[in-house]
Asker: 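I'd like to ask you about the structure that follows.
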2 protein chains.
Amino acid sequence: MRGPGGGANLLVLRSHNTALVLDLLRTAGPEGISRLELAERTGLTPQAVSKITARLREEGLAAEAGRRASTGGKPRTVLRLVPEAGHAVGVHLDRDELRAVLADLDGTVVARRHGPLDLGAGAEAVLTRVASVVEELEAELPAGGSLLGAGVALPGPLDHRRGVLHRVTGFPEWDGFPLRDALSARLGGVPVVVDKDTNAVALGLAVAGEGGSFAYLHLGTGLGAGLVIGGSVHRGPRTGAGEFGHQVVQLDGPPCGCGDRGCVEALCLAAVARGETAEAARVLGTGAANLVGLLDIDRVLVGGRTVEGAPEVFVSGVRGVLEARARRTGEECGVVRLVSGEERVAEGAAQLVLAPVFGQDG
Amino acid sequence: MRGPGGGANLLVLRSHNTALVLDLLRTAGPEGISRLELAERTGLTPQAVSKITARLREEGLAAEAGRRASTGGKPRTVLRLVPEAGHAVGVHLDRDELRAVLADLDGTVVARRHGPLDLGAGAEAVLTRVASVVEELEAELPAGGSLLGAGVALPGPLDHRRGVLHRVTGFPEWDGFPLRDALSARLGGVPVVVDKDTNAVALGLAVAGEGGSFAYLHLGTGLGAGLVIGGSVHRGPRTGAGEFGHQVVQLDGPPCGCGDRGCVEALCLAAVARGETAEAARVLGTGAANLVGLLDIDRVLVGGRTVEGAPEVFVSGVRGVLEARARRTGEECGVVRLVSGEERVAEGAAQLVLAPVFGQDG
DNA sequence: TGCACTTTGGCAACAGCGTTGCGAAAGTAG
DNA sequence: CTACTTTCGCAACGCTGTTGCCAAAGTGCA
């Protein structure tokens, strides 16, 4: 909670606490949560919570949802988030495919689009395509519903803060393209947020309740990572963090496409190509263990097309390396878990817009 | 800025803004800073700043320090921090040496102690020694001065949050020793903070104006790191972050004391032992490049006894690897700089107590 | 020397935040 | 039906930063 320059005034205070309450309402789901419980969880007084929830109910963001059983007195009134109070579009641009979802405040997908895409067709063509998909989904908004914005997730390294792409691998014409502003202009001023696909997935996981600090490692045609530290996505000063794939784990090893030698990505994919999946998993695990040691994160999650090919091998391989390390250091081991889902990136992209409402990723 | 559970009330708001103003006063140094400048920098209104500074002056933490030249109107009154309003003791426990300093709010050292130490003499003996040194320094407080607390920095891995040591390398009897609470009890309740030596150095650098995100790499008898991300020391959920030395950069490489193979520490120190300093620097640089890529940090700083032996070789070696990586990724290179100073760790330890006053590391 | 102007910064009134005191509402227990 | 417990809103309050206004303290020009 901080305004421009770090100073906080009463408006900042209010939006901070409001976002906090909204987040607890969202986390509680359809069963809802009582005012007193909100007070306990936030550390605010019950009366403050009452005022905040009264305002939220007036604005249509929250509503009553029945009552709890009595514990000897007046039963608690249960409140819930009204998910239809706001929507966001999430777009996943891959090298050969486009997926887009319309999600409500709760993150629930209420409409979807998908089809082939040629990133090489040039910025203008892709931009037109994306804009029309967003408008199609906007047309499916429930009556009276409003679109908070559109989130776009795509591979290459990019500047999240300015919404500018650099070096989308294999497509030099995208270099320096101001995707955020261009798309926002096409959409008539609708707010647009742009981020790496791995960051979108990591954000989606964080919002879905994957607490604390964790890393999402994505092994597909390349190897990337999304880092969540203390509940928020870590992007770094130049928003280029998460360059996991070109971490060197074999000094003077085999050359990598990036120009260096012995990168995790090169070693891992080469092992996969040789059919040595277990070795690939061990290499991946070594990189993960380095990450865990440096940042002391709680968990590592692995995913991506290549992992899907042999999930058990990758999970147990990475887990093996991490557990061996944990036995030496005495620290709790970062647990490894497999995840999947076709629309995961698009849903995470929608969260780029939704999460700030709940005080996350703002 | 957040209270228990994340909820923020007016008290939290006030201490946040007060700390912000105090930090700007500290940063401005003896020349001071005007109210209007404080308002611009914090984003608060001039009137709010006036109220905050009035309170600080009443409490003796701030004072007027002359006036600026007029720019056509009433000249600005300049305010400054009163460094004597608070002091902290910083203690550096090394394997064979103890250094302690008494620092004022500004971080200026006003008294010092140092002498040999035997960490192997056991917890009780060392505790008595440390307590007496702290009391000696407390006696040197200026008249009316108060001691805010004592910060203790030492090598091994430890639990910063609970103030408990684990595995001080080579001294198993320290395992699980609750240093913070034990020392605090000896000192009659004076607040005590405990942290790794590398974290103390990193914090000291951050407070001294080393902005943004950076890593301090310490190469002495071992290899450790202190990470600062976005202005605050990153310790991780279990406060074990910064295990830089046992990052694997050579799969199946030579065995390390930790039980793994190909760790940066082992490779680096082995190269030093062979007299191949340039190779040691290249290995260190590779580990640093991995870190820079993962976290997208701004700068890397290297130090420690081994580095002091051939500073130019290490700096240029690490810089070479980082610049080569930057040429490939197109991202700005994390600059490498050499630092030194006998009391640096002890000064940083004092900042473990002082920094929270200024809203840092709290 | 005097007057107009600019800039700083305090005083007072204010709006809005969470807090406290109190009482109505809505249950259970006997 | 009565006593008790628990929830939760209303009203008054204290404290925050904000706004409107004016005194203070300079410069610049006639």
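Below, chains carry the letters A, B, ... as their sequence lines are ordered, and counting in each starts from 1.
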Asker: So does A:Gly236 get a backbone contact from the side chain of A:Thr239, meaning a donor-acceptor N/O pair under 3.5 Å?
Answerer: no
Asker: List in numerical order all residues of residues 50-60 of chain B for which some heavy atom is under 4.0 Å away from an atom belonging to DNA chain C.
Answerer: B:Ser50
Asker: Rounded to whole angstrom units, what separation is found between the CD atom of A:Glu64 and the C1' atom of D:dT7?
Answerer: 12 Å
Asker: Considering only C:dT19, D:dG20, C:dC17, which nucleotide approaches the side chain of B:Asn9 most closely?
Answerer: C:dT19
Asker: Would the distance check show the side chain of B:Asn199 and the main-chain N or O of B:Gly226 forming a donor-acceptor pair, the cut-off being under 3.5 Å?
Answerer: no
Asker: For B:Ala48 and A:Val78, take the nucleotide of DNA chain D holding the closest heavy atom to each; which residue's nucleotide lies nearer the 5' end?
Answerer: A:Val78
Asker: Return the nearest nucleotide to the side chain of B:Arg76; candidates are C:dC17, C:dT19, C:dG9.
Answerer: C:dG9
Asker: Protein within reach of the bases, or only the backbone? For nucleotides 21-30 of chain D, mark each nucleotide 5' to 3' as B, S or -, using heavy atoms under 4.0 Å.
Answerer: ---BBBS---
Asker: For residues 351-362 of chain A, dump all side-chain donor-acceptor pairs below 3.5 Å to protein atoms at least two apart in sequence or in another chain.
Answerer:
unit_1   : atom_1 : unit_2   : atom_2 : d
A:Gln360 : NE2    : A:Asp23  : OD1    : 3.1
A:Asp361 : OD1    : A:Arg235 : NH1    : 2.9
A:Asp361 : OD1    : A:Arg235 : NH2    : 3.1
A:Asp361 : OD2    : A:Arg235 : NH2    : 3.3

Asker: Under the criterion side chain to side chain contact (heavy atoms under 4.5 Å, CB included), I'd like the reasoning laid out for B:Asn17 against B:Thr42: C-alpha separation, chi angles, the key distance, then a yes or no.
Answerer: CA-CA 8 Å; B:Asn17 287 337; B:Thr42 55; over 6 Å; no
Asker: If I compare all heavy atoms of A:Asn9 with all of B:Leu13, which pair ends up nearest, and what's the gap?
Answerer: O-CD1, 3.8 Å
Asker: To the nearest angstrom, how far is A:Leu79 atom CG from D:dT7 atom C1'?
Answerer: 12 Å
Asker: Could you tell me which non-hydrogen atom of A:Ala349 sits nearest to which non-hydrogen atom of A:Ala200, and how far apart they are?
Answerer: N-CB, 3.8 Å
Asker: How many whole angstroms separate atom CZ of A:Arg14 from atom P of D:dG17?
Answerer: 17 Å
Asker: Heavy atoms only: give me the nearest A:Leu295-B:Pro237 pair and the separation to one decimal.
Answerer: O-CD, 4.3 Å
Asker: What is the distance, rounded to the nearest whole Å, between atom CG of B:Leu11 and atom P of D:dT16?
Answerer: 8 Å
Asker: CZ of B:Arg68 versus P of C:dT8: gap in Å, rounded?
Answerer: 11 Å
Asker: Does B:Thr77 place a side-chain N or O at less than 4.0 Å from the phosphate oxygens OP1/OP2 of C:dG9?
Answerer: yes
Asker: Under 4.0 Å between a Lys/Arg side-chain N and an Asp/Glu carboxylate O for A:Arg162 and A:Asp181?
Answerer: no
Asker: Could you pull out the closest heavy-atom pair between A:Ala8 and B:His16, with the gap in Å?
Answerer: CB-CD2, 3.9 Å
Asker: What heavy-atom pair brings B:Ala206 and B:Gly231 nearest, and what distance separates the two atoms?
Answerer: CB-O, 4.2 Å
Asker: How far does the helix from C:dT1-D:dA30 to C:dG30-D:dC1 bend, going by the axes of its first and last five pairs, to the nearest 10°?
Answerer: 10°
Asker: If every non-hydrogen atom of B:Ala111 is compared with every non-hydrogen atom of B:Leu137, which pair is closest and at what distance?
Answerer: CB-CD2, 3.7 Å
Asker: Only distances under 3.5 Å count here; give the side-chain donor-acceptor pairs of residues 65-85 of chain A to other protein atoms, sequence neighbours excluded, each with its distance to 0.1 Å.
Answerer:
unit_1  : atom_1 : unit_2  : atom_2 : d
A:Ser70 : OG     : A:Gly72 : N      : 3.0
A:Ser70 : OG     : A:Gly73 : N      : 3.1
A:Ser70 : OG     : A:Gly73 : O      : 2.5

Asker: Just to be sure I understand the geometry, which residues of residues 23-46 of chain B put a non-hydrogen atom under 4.0 Å away from DNA chain C?
Answerer: B:Arg35, B:Leu36
Asker: Please evaluate the base of C:dG9 for a donor-acceptor partner in the side chain of B:Gln47 within a cut-off of under 3.5 Å?
Answerer: no
Asker: Is a side-chain donor or acceptor of A:Lys196 paired with a backbone partner of A:Gly240 at a separation under 3.5 angstrom?
Answerer: no
Asker: Run the side chain to side chain contact (heavy atoms under 4.5 Å, CB included) check on A:Leu179 and A:Val164 step by step: do they pass?
Answerer: CA-CA 6 Å; A:Leu179 179 58; A:Val164 175; over 6 Å; no
Asker: It should be established whether B:Asn17 places a side-chain nitrogen or oxygen under 4.0 Å from OP1 or OP2 of nucleotide D:dT16.
Answerer: no
